[in-house]
Amino acid sequence: MENRQFRAWMQNLWHKYKYVLLVAAAGAVLLLWPFGTSSAPSSAAQEPEDEGSCVTELEEKLEARLSKAEGVGRVAVVLSVLSEPERILAADSDTSDRHSVSDGAEDTESDSRLTHVILSDGSGGERPVILREDGAVYRGAVVICEGGDLASVRLTVTRAVSALTGLSADRIVVMKMG
């Protein structure tokens, strides 16, 4: 008889609180759900952009634009990176001193805390204050294209890659696609 009362009590509890329990279970699932990868930049953190995203994006843009140039044809671009893009954020440091006395001598310890300066954009959003953004520094480029055997095409491609990457002509190789 006690078992029957317990079941009736549990059913009554379930009918009374089933929506609360379902919302709590959904919340627990969302808390445990993995969100993206570590390459997603935080709005206030200073994380370098993933090399793959920055360089691959520029390679794709170069391929799309160069393929439209006269005589170039199909294009494949490979960029080598010397240093990653870097974003320097404004930061505020807070220093507090602690005094302690041990064995008759007074010690002073400083705690320093660094916080990023955040601005409100007026519509409820926030963004960090960016002091400086340095682009990637490229080591070299290899461009393989169908018209790579023509001097005029090599010159056009070399100038375009140089203009977008800052590389000198001796660091850009243009080859004919086989």
Side-chain angles (χ1 to χ4, degrees), residues 27-96 109-178:
V29 168
L30 287 175
L31 284 174
L32 296 174
W33 195 274
F35 288 101
T37 62
S38 62
S39 67
S42 169
S43 64
Q46 181 180 354
E47 293 183 18
E49 292 181 19
D50 191 32
E51 176 185 340
S53 66
C54 176
V55 175
T56 303
E57 186 177 311
L58 183 57
E59 287 172 345
E60 290 171 356
K61 284 181 181 179
L62 276 167
E63 289 171 1
R65 301 317 188 271
L66 290 173
S67 66
K68 294 179 181 178
E70 185 178 343
V72 176
R74 289 183 304 141
V75 177
V77 177
V78 178
L79 296 173
S80 176
V81 178
L82 186 62
S83 68
E84 297 295 322
E86 186 178 14
R87 178 181 284 174
I88 308 299
L89 301 179
D92 187 24
S93 62
D94 181 25
T95 305
S96 61
E109 295 179 14
S110 294
D111 289 334
S112 181
R113 187 180 359 195
L114 188 67
T115 56
H116 293 288
V117 178
I118 305 293
L119 287 181
S120 173
D121 63 7
S123 62
E126 295 179 339
R127 60 182 172 83
V129 176
I130 300 169
L131 293 178
R132 187 178 79 222
E133 284 190 76
D134 296 333
V137 177
Y138 298 98
R139 180 179 298 146
V142 175
V143 181
I144 304 169
C145 61
E146 290 178 332
D149 57 339
L150 301 172
S152 62
V153 170
R154 284 197 306 270
L155 179 62
T156 301
V157 169
T158 301
R159 284 183 174 170
V161 172
S162 178
L164 288 174
T165 62
L167 290 169
S168 58
D170 64 327
R171 297 207 175 262
I172 301 169
V173 176
V174 180
M175 301 184 315
K176 179 172 176 50
M177 187 176 282

Positive for side-chain contact (heavy atoms from CB on, under 4.5 Å) with I172, one of V142, T158, V157 =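 Testing I172 for a side-chain contact (heavy atoms from CB on, under 4.5 Å) against V142, T158, V157 leaves exactly one candidate, T158.
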Any salt bridge (Lys or Arg N to Asp or Glu O under 4.0 Å) involving residues 135-144? Give me the pairs, sequence neighbours left out, ordered by first then second residue.
-> none
Name all pairs fulfilling the salt bridge (Lys or Arg N to Asp or Glu O under 4.0 Å) condition that reach into residues 153-178, sequence neighbours left out, sorted by first residue then second.
->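 The answer is none; no pair qualifies.
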What residues, two or more places apart in sequence or in another chain, satisfy side chain to side chain contact (heavy atoms under 4.5 Å, CB included) together with L164?
->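 L164 satisfies side chain to side chain contact (heavy atoms under 4.5 Å, CB included) with L62 only.
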Excluding sequence neighbours, so at least two apart, what forms side chain to side chain contact (heavy atoms under 4.5 Å, CB included) with T165?
-> L58, L79, Y138, V161, L167
So how far is it from I144 CD1 to M175 CE, rounded to the nearest 0.5 Å?
->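 Rounded to the nearest 0.5 Å, the CD1-CE separation comes out at 4.0 Å.
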Kindly indicate whether the side chain of V173, heavy atoms from C-beta on, has any atom under 4.5 Å from the side chain of V143.
->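 Side chain of V173 against side chain of V143, heavy atoms only: no contact under 4.5 Å found.
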Residue pair L66 / V77, side-chain heavy-atom distance below 4.5 Å | yes
Which heavy atom in G148 sits nearest to a heavy atom in V153, and how many Å separate them?
->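 Closest approach of G148 to V153: N-CG1, 4.4 Å.
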Scan for side-chain hydrogen bond (donor to acceptor under 3.5 Å, both in side chains) pairs involving residues 58-72, sequence neighbours excluded, and state none if there are none.
-> none
Pairing residues for R74 by the salt bridge (charged side-chain N to carboxylate O under 4.0 Å, His left out) criterion, not counting sequence neighbours |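 Only E146 meet the salt bridge (charged side-chain N to carboxylate O under 4.0 Å, His left out) criterion with R74.
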Determine, step by step, whether V174 and C145 satisfy the side-chain contact (heavy atoms from CB on, under 4.5 Å) criterion, reporting the C-alpha distance in whole Å, the side-chain angles of both residues, the deciding distance to 0.1 Å, and the verdict.
-> CA-CA 7 Å; V174 180; C145 61; 4.1 Å; yes
